[in-house]
Amino acid sequence: MKRLSVYFSLAILVFGFGLAHAECKKGHTDQNPHKMGRIQNTSFEDMDLDKSQGVSFEEFKALFPQTSQRGFNTLDTDKDGQLNKAEWKVFKDAHKGMGNDKKAPETT
């Protein structure tokens, strides 16, 4: 049962990333337009500006300004309106190795 729960959570995460990507408003002319290295280099503590142990949409958007509310909601798998460390870790782990370039950070 736990394995099914993990697979279900991963499926939701992949689906959510697809939705967030679909809402990207910028053209994709770079080889790596999302510069996913920014995600790997951002810790949960970097995002939790008020040190509440939860990252609100406003805090997340401060670091990732092109993120929509809908995209954020897909990352918030427990639907409590905030990202927790576990949700951020799942998202980061799903994107390891993507965009290890040194260009200016940008996400969608």
Side-chain angles (χ1 to χ4, degrees):
M1 186 60 121
K2 185 168 178 96
R3 179 180 269 179
L4 182 60
S5 176
V6 169
Y7 288 133
F8 182 70
S9 295
L10 186 57
I12 289 174
L13 179 66
V14 169
F15 176 72
F17 182 70
L19 285 176
H21 183 271
E23 292 192 6
C24 180
K25 296 176 179 75
K26 293 190 82 170
H28 292 271
T29 56
D30 287 337
Q31 186 177 13
N32 180 14
H34 293 286
K35 310 215 180 14
M36 299 303 282
R38 170 96 185 259
I39 290 171
Q40 291 303 317
N41 294 324
T42 302
S43 72
F44 183 82
E45 290 73 20
D46 291 339
M47 296 185 299
D48 186 14
L49 301 176
D50 65 2
K51 307 302 180 208
S52 66
Q53 300 302 307
V55 176
S56 68
F57 174 64
E58 291 76 19
E59 289 172 312
F60 192 81
K61 196 159 177 80
L63 288 172
F64 302 102
Q66 295 176 346
T67 302
S68 68
Q69 180 70 56
R70 184 175 176 193
F72 177 83
N73 291 347
T74 61
L75 302 178
D76 178 19
T77 57
D78 65 5
K79 305 301 178 204
D80 68 351
Q82 295 193 34
L83 295 184
N84 59 46
K85 282 185 179 185
E87 290 166 331
W88 182 241
K89 182 179 181 334
V90 167
F91 184 71
K92 283 179 72 166
D93 288 350
H95 295 90
K96 280 187 177 171
M98 295 179 70
N100 292 324
D101 60 1
K102 302 295 182 201
K103 294 180 183 176
E106 172 186 341
T107 66
T108 58

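- With a 4.5 Å cut-off on side-chain heavy atoms, D76 and D78 count as touching.
- By the salt bridge (Lys or Arg N to Asp or Glu O under 4.0 Å) test, K85 is found to be paired with E45, residues two or more places apart in sequence or in another chain being considered.
- Under the 30°/60° scheme for interplanar angles, the aromatic rings of W88 and F64 are found to be tilted.
- Rounding to the nearest 0.5 Å places CD of Q82 at 13.5 Å from CG of L75.
- Taking OG1 from T67 and CG from N73, the interatomic distance works out to 11.0 Å, rounded to the nearest 0.5 Å.
- For D93, the salt bridge (Lys or Arg N to Asp or Glu O under 4.0 Å) partners two or more places apart in sequence, or in a different chain, are K89, K96.
- Taking the side chain as every heavy atom from C-beta outward, L83 and F72 approach each other to under 4.5 Å.
- Contacts of F44 classified as ring-ring contact (aromatic ring centres under 6.0 Å, His included), with partners at least two apart in sequence or in another chain: none.
- A side-chain donor-acceptor contact under 3.5 Å links Q40 to the backbone of K92.
- Across every non-hydrogen atom of V55 and M47, the tightest pair is CG2-CB, 3.7 Å.
- Considering all non-hydrogen atoms of both residues, D46 and N41 come closest at OD2-O, 3.9 Å.
- Among all heavy-atom pairs drawn from L49 and A62, the shortest one is CD1-CB, 4.3 Å.
- Remark: D50 engages S52 in a side-chain hydrogen bond (donor to acceptor under 3.5 Å, both in side chains) (not counting sequence neighbours).
- Residue pairs meeting the salt bridge (charged side-chain N to carboxylate O under 4.0 Å, His left out) criterion with at least one member in residues 51-64, sequence neighbours excluded, do not occur.
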